[in-house]
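First comes the structure, then the notes that go with it.
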Amino acid sequence: MTSQERIAQLRSELHRHNHSYYVLNMPEISDYEFDQLMRELQELEAQHPEMYDPTSPTMRVGSDISNEFTQIVHKYPMLSLGNTYSFEEVADFYARVKKALGSEAFELCCEIKYDGVSISLTYEEGRLVRAVTRGDGVQGDDVTTNVKTINSIPLVLHGEGWPREFEIRGEILMPWKQFDRINREREAQEEALFANPRNAASGTLKLQNSSVVASRKLDAYLYFMLGEQLPSTGHYECLQHAAQWGFKVSPAMRKCNTLDEVFEYINYWDVERKNLPVATDGIVIKVNSLAQQRALGYTAKVPRWAIAYKFQAEKALTRLNEISYQVGRTGTVTPVANFDPVQLSGTMVKRATLHNADFMDNLDLHIGDMVYVEKGGEIIPKITAVDLSSRSFMMGEKVRFITRCPECGTPLMRVEGEAAIFCPNDVSCPPQIKGRIEHFISRKAMNIDGLGAETVDLLYSVGLIHDVADLYQLRIPHISRLERMGYKSAENIVRSIESSREIPFERVLFALGIRFVGETVAKKLARAFGSMERIENATFDELVAVDEIGEKIAQSILRFFANEQCRTLVNRLKEVGLQMEVVVDESIERTDKLAGKSVVISGVFAQHSRNEYKAMIEQHGGANVSSISSKTSFVLAGRDMGPAKLEKAQKLGVPIVSEEEFLAMIE
Ligand code: IVH
């Protein structure tokens with residue numbers, strides 16, 4: 001067999017296995033065998049670039065080439081659906097359809113309304129050519145590269161009978177399981193959590209790096225086919241064909257002939273949906289015949305042949321017992337409602353966040369009130385209203401926000417115009433101290449492994465650490481004596497603290513947790529000033545002269561170093577040997593061969609990685625920018641440069657420079 005034949009064979013086998021695993025849930029081979037086949041194909045494709053195929057199974061792993069989302073106008077506008085929450089309105093819809101169709105009999109198709117992001121997929125000659133988001137309904141973003149990483153979406157169709165060109169629409173979803181996993185990971189890295197799987201799916205689809213999209217393991221259900229030569233005259237039947245071609249079509253679709261059957265369907269799925277692996281928010285009812293759909297047509301916004309029945313967010317009435325207050329690591333105080341436990345969406349809840357003082361005031365809460373608690377698509381329950389009819393004169397006064405910090409007793413403060421109320425005692429308020437230590441040891445800061453929030457809590461409560469500098473005085477016996485701590489883990493922690501002395505200055509600066517000094521700002525400051533000493537002594541004018549450092553950041557830095565305790569802390573960190581200045585790598589030669597040039601990098605490179613090229617551009621005085629404009633000096637282009645970039649560069653007359661030419665330039 002020639003390599004070309006083997007490539008073709010592997011592609012077809014991998015497409016088939018992919019479908020068996022992700023659509024049918026019936027794997028035929030082990031994950032290991034699958035990975036072996038994939039690896040073989042990747043190697044062969046690398047040796048045979050002439051066999052490039054945008055729908056190869058290898059496209060599913062994604063790449064770190066930065067995505068550009070060009071806008072595409074939808075061939076057929078992407079409309080939404082009319083919504084209702086009541087059976088009466090479903091009955092009205094039924095009556096309207098019946099009247100409009102006169103004497104004709106009609107069938108309805110009931111299906112689940114998936115709560116994700118809608119997507120339009122275009123197939124030509126049995127291959128996925130384009131995936132576009134809904135956007136404003138008229139035009140959306142081209143997210144093809146990201147969508148190709150979704151395993152349940154076929155890149156090449158199976159079977160036969162598909163139209164030469166057609167569009168199929170559906171919903172991209174993040175399964176609950178992945179949603180929970182990703183949020184757990186984000187929590188560990190102190191990144192903001194996704195509020196619900198819909199936000200998570202939509203954020204993921206817009207990521208620049210498709211290999212990250214691949215790791216998020218999105219799923220997709222298809223529910224609407226459009227085109228000139230569809231395989232059947234009924235909506236339900238078209239989708240059954242689609243299932244044969246490899247699409248994931250909901251097995252819960254059902255044809256109904258009467259209104260009662262529709263209600264039965266709704267009642268069944270309102271309960272059963274809790275067992276589905278993905279989020280749903282209702283039922284969609286569609287007239288099944290495509291001819292009847294055409295006859296019924298559309299209003300300006302929605303089809304007359306379909307309606308969405310939305311499930312009620314789960315709601316319960318319960319007694320408010322107490323408001324407690326949590327102090328976060330930055331000092332923000334959050335009110336929390338505590339109520340009699342109630343069952344909501346399958347879990348017992350007894351607490352709900354009240355967000356801030358304004359939110360709490362607006363609800364006009366009194367202790368003892370009966371309050372409505374809801375849990376909709378969001379995972380965090382919320383109080384939506386008070387049942388005023390059950391409030392009696394016996395009840396307590398209106399709940400008022402506390403005036404002193406529940407942790408340290410300091411009078412609370414509020415910045416004019418901001419919702420948050422905070423404890424200004426950042427020096428000795430325990431949760432703030434612990435929060436700063438947790439930030440200091442986090443992965444992106446000093447990366448001290450083995451020490452988590454729990455251990456920090458323990459070390460703090462037994463008095464072993466009071467601030468981050470104390471970490472460097474810890475010895476193995478101090479830690480191994482603690483509860484649930486063995487010698488081995490103590491040894492690990494100490495070793496990890498030791499090696500943090502090598503962490504570069506810019507991360508030490510970030511680790512200090514100065515307000516508004518995030519990773520990027522720390523990098524800029526480190527580059528501009530070169531050492532802690534020079535930052536400590538910098539004036540307001542010197543600070544704001546740095547690119548991207550505004551007044552707010554400058555003031556915060558000045559405030560930090562004006563504080564005696566903060567300065568002492570920094571000095572102690574100096575004494576224990578942390579990096580307090582930028583170390584210049586002498587092995588890298590710096591020139592100004594690219595001074596004043598702004599360079600865009602695009603495509604896949606053979607001799608160096610993208611990051612290496614980025615570093616080279618900067619070493620030689622140039623700037624790496626992400627998108628092409630008339631100001632771009634040149635594009636450093638590797639293999640498979642995106643067609644949109646190529647076109648733009650040509651239009652603006654920006655020169656395209658190959659890897660070899662670039663390396664010669666900086667020789
Ligand atoms: S049909 C012209 N079917 O709900 C009507 N939509 O509120 C085409 N959705 O934008 C849509 N599940 O994102 C249809 N089974 C289903 C659906 C569904 C979820 C979404 C879709 C649409 C939105 C409308």
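When a residue number appears, it is its place in the shown sequence, counting from 1. We count ligands from 1, going down the list as the structure has it; atoms in each ligand are counted the same way.
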N/O pairs closer than 3.5 Å, ligand 1 and protein:
residue: ligand 1; atom: 3 (N); partner: K286; partner atom: NZ; Å: 3.0
residue: ligand 1; atom: 4 (O); partner: K113; partner atom: NZ; Å: 3.2
residue: ligand 1; atom: 7 (O); partner: K113; partner atom: NZ; Å: 3.4
residue: ligand 1; atom: 9 (N); partner: Y223; partner atom: OH; Å: 3.4
residue: ligand 1; atom: 12 (N); partner: Y114; partner atom: N; Å: 3.0
residue: ligand 1; atom: 13 (O); partner: S118; partner atom: OG; Å: 3.4
residue: ligand 1; atom: 13 (O); partner: E171; partner atom: OE1; Å: 2.7
residue: ligand 1; atom: 13 (O); partner: E171; partner atom: OE2; Å: 3.4
residue: ligand 1; atom: 13 (O); partner: Y223; partner atom: OH; Å: 3.1
residue: ligand 1; atom: 15 (N); partner: E111; partner atom: OE2; Å: 2.9
residue: ligand 1; atom: 15 (N); partner: I112; partner atom: O; Å: 3.0

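- Within a 6.0 Å sphere centred on CZ of R164, heavy atoms belonging to other residues, nucleotides or ligands number 12 at most.
- Taking a cutoff of 4.0 Å between a charged side-chain nitrogen and a carboxylate oxygen, E167 and R169 qualify as a salt bridge.
- No side-chain donor-acceptor contact under 3.5 Å links D180 to the backbone of N183.
- Partners of R16 under the salt bridge (Lys or Arg N to Asp or Glu O under 4.0 Å) rule, at least two apart in sequence or in another chain, are E28.
- Residues meeting the salt bridge (Lys or Arg N to Asp or Glu O under 4.0 Å) test with K113, sequence neighbours left out: D281.
- For residues 120-160, the ring pair (Phe, Tyr, Trp, His ring centres under 6.0 Å) pairs, not counting sequence neighbours, are H19-H158, Y123-F166, Y123-F247.
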